[in-house]
Number of protein chains: 2
Amino acid sequence: MQDDAPFDLRDFMPYLLNQAADASSRDFQSYYKGKYGMLRTEWRVLFHLGRYGAMTARQVCDRAGIHKTKVSRAVAALDSKRFVRREEMAHDRRHEELHLTAQGRSVFADLTQEAQRFDAAMLAEFTETEVKQIRAFLTRIARL
Amino acid sequence: MQDDAPFDLRDFMPYLLNQAADASSRDFQSYYKGKYGMLRTEWRVLFHLGRYGAMTARQVCDRAGIHKTKVSRAVAALDSKRFVRREEMAHDRRHEELHLTAQGRSVFADLTQEAQRFDAAMLAEFTETEVKQIRAFLTRIARL
DNA sequence: AGGTATTAGTTGCTTTTGTAACTAACAAGC
DNA sequence: GCTTGTTAGTTACAAAAGCAACTAATACCT
């Protein structure tokens, strides 16, 4: 193709975003996978419970925007690792409230700290204004 | 370092990047999937061949940073769709040069145009300066 | 009350990805 | 020329994601 302004993949925002997302996740992912054998969805569910308190699987789905089958399997995994405990709710036996165990809380604390460390390291080379702009941009793209 | 500024997922750059990447890819992905039954790797391989000319699978791997098994499968798929044609190289029968067929070229043209349209639409709400900063930021994160 | 519709959550099956082992062709050293 | 090593590409198997059907409990409607 011999266009005037040939379109390069690096000019394509979804491509750039995906590459950046992959690169930025890699190290952190290998941390929680290596240390706790956790998957990404498990980390997200754990995070939500640790950060916002006990809630049902449905609430995790809504808050985190993850499909219920993924949450269901993540909870099963976290349960078998004893990071999460299920508590059946009396008034409606369909629901079960998910609580972090003591171990779960300590994993949450560790991962959160590590996440903050990663984040700080990644953003260290940018000014505060830049970071603010980036966040605004990404949030808008993601329509969060 | 703790509860003073509670850490939110939206403050975590890998999360933000992933959400933005997913959101930005969704529509374009459903376009090439719906219209041509293509997968992401197939689109990328097709793009490389269309944009940079015929090359071997290995060269696609290197240029695009995709693992050879993924490329191998993508090429097989593109071949069976008759978007790509394999040409064995005389001096070394291990290599085969990949060429777009006429059909492949027209799909490439369509997808490239569509990609540019998507990109323009996505970036329309940002100033040129902002876009430049974003690109610089993402490129740096992705270490391209 | 009794049938229908919803909602929470799980399970099964299919598609896609990731990893590692494998084949085939060539190159190099002895 | 034969053994060893490399490189291109494929295949086989395992992990994970996506989607749809399913179970169980409750709500709604007449």
Side-chain angles (χ1 to χ4, degrees), chain A residues 18-19 21-23 25-27 29-30 32-34 36-46 48-49 54-81 84-99, chain B residues 18-19 21-23 25-27 29-30 32-34 36-46 48-49 54-81 84-99:
Chain A
N18 272 296
Q19 294 296 108
D22 286 353
S25 304
R26 222 181 336 263
D27 291 345
Q29 182 164 354
S30 86
Y32 61 65
K33 185 167 188 179
Y36 302 111
M38 284 170 71
L39 260 29
R40 197 155 60 120
T41 310
E42 293 172 48
W43 140 250
R44 286 213 192 153
V45 170
L46 185 88
H48 274 266
L49 296 176
M55 61 181 90
T56 68
R58 180 101 259 284
Q59 289 173 300
V60 174
C61 292
D62 293 343
R63 279 202 96 111
I66 311 176
H67 193 270
K68 58 183 183 165
T69 61
K70 280 174 86 176
V71 170
S72 173
R73 287 192 247 250
V75 168
L78 291 170
D79 187 17
S80 81
K81 292 185 181 79
V84 152
R85 169 173 58 78
R86 302 154 119 121
E87 198 165 289
E88 201 176 64
M89 290 173 88
H91 65 286
D92 187 339
R93 294 207 319 280
R94 283 175 306 183
H95 300 69
E96 40 188 21
E97 203 166 50
L98 305 167
H99 297 257
Chain B
N18 271 296
Q19 294 295 110
D22 286 354
S25 305
R26 221 181 336 262
D27 290 346
Q29 182 164 356
S30 86
Y32 60 66
K33 187 167 189 177
Y36 302 111
M38 287 171 69
L39 259 30
R40 198 155 59 121
T41 309
E42 294 172 46
W43 140 250
R44 286 211 193 155
V45 170
L46 185 87
H48 275 266
L49 296 176
M55 60 181 91
T56 67
R58 181 102 261 283
Q59 290 173 298
V60 174
C61 292
D62 293 342
R63 279 202 95 111
I66 310 178
H67 193 270
K68 58 182 182 165
T69 60
K70 278 174 90 174
V71 170
S72 172
R73 289 193 254 245
V75 169
L78 291 170
D79 188 17
S80 81
K81 292 185 183 78
V84 152
R85 170 173 57 82
R86 302 154 119 122
E87 198 165 288
E88 201 175 65
M89 289 172 90
H91 66 285
D92 187 339
R93 293 207 319 280
R94 283 173 306 182
H95 300 70
E96 41 186 21
E97 205 167 48
L98 306 167
H99 296 259

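Keep in mind that the numbers below use all heavy atoms, side chains included, and drop hydrogens, waters and symmetry copies. So that the names make sense, note that chain A is the first sequence line, chain B the second, and so on, each numbered from 1.
- Comparing Arg94(B) and Thr41(B) against DNA chain C, the residue whose closest nucleotide sits nearer the 5' end is Thr41(B).
- Taking atom NZ of residue Lys70(A) and atom C1' of nucleotide dT16(C), one finds them 13 Å apart after rounding to whole Å.
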Take Arg86(A) and Leu98(A) through the side chain to side chain contact (heavy atoms under 4.5 Å, CB included) test and state the conclusion after the steps. CA-CA 5 Å; Arg86(A) 302 154 119 121; Leu98(A) 305 167; 3.9 Å; yes
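- The CE atom of Met55(B) sits 17 Å away from the C1' atom of dG9(D) (whole-angstrom rounding).
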Output, in order, the C-alpha distance, side-chain angles, deciding distance and verdict of side chain to side chain contact (heavy atoms under 4.5 Å, CB included) for Thr41(B) and Arg73(B). CA-CA 9 Å; Thr41(B) 309; Arg73(B) 289 193 254 245; over 6 Å; no
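- For the pair Arg44(A) CZ and dA17(D) C1', the interatomic distance rounds to 13 Å; values are reported in whole Å.
- Under 4.0 angstrom from either OP1 or OP2 of dA8(D) there lies no side-chain N or O belonging to Arg86(B).
- Counting non-hydrogen atoms of neighbouring residues, nucleotides and ligands closer than 6.0 angstrom, the CZ atom of Arg40(A) reaches no more than 12 such neighbours.
- Here dA8(D) is the nucleotide among dA8(D), dT11(D), dG9(C) with the atom lying nearest to any side-chain atom of Lys68(B).
- Under a 4.0 Å N-O distance rule, the pair Asp22(B)/Arg26(B) does not qualify as a salt bridge.
- You'll find that the side chain of Glu96(B) is closest to dG9(D), out of dA20(D), dT19(C), dG9(D).
- Glu88(B) places its CD atom 11 Å from the C1' atom of dA24(C), with the value rounded to the nearest Å.
- Listed nucleotides: dC19(D), dT10(C), dA8(C). Nearest to the side chain of Arg73(A): dC19(D).
- In this entry the distance linking CG of Leu39(A) with P of dT16(C) reads 20 Å, nearest Å.
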Any chance you could lay out the side chain to side chain contact (heavy atoms under 4.5 Å, CB included) test for Leu49(B) and Met55(B), step after step, and finish with the verdict? CA-CA 7 Å; Leu49(B) 296 176; Met55(B) 60 181 91; 3.7 Å; yes
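- OP1 or OP2 of dC26(C) has at least one side-chain nitrogen or oxygen of Arg93(B) nearer than 4.0 Å.
- Listed pair Ser72(B) / dG9(D) fails the phosphate criterion, with no side-chain N or O lying under 4.0 Å from OP1 or OP2.
- Within 4.0 Å (heavy atoms only), Arg40(A) reaches no atom of the nucleic acid at all.
- Atom pair His91(A):NE2 and dT26(D):C1' shows a separation of 11 Å (rounding to whole Å applied).
- Across the protein-nucleic acid pair, His67(A) atom NE2 and dT7(C) atom C1' stand 13 Å apart, rounded to whole Å.
- Following rounding to the nearest Å, Asp62(B) (CG) and dG9(D) (P) show an atom-to-atom distance of 10 Å.
- Nearest nucleotide to the Asp92(B) side chain, out of dA25(C), dT16(C), dT11(D): dA25(C).
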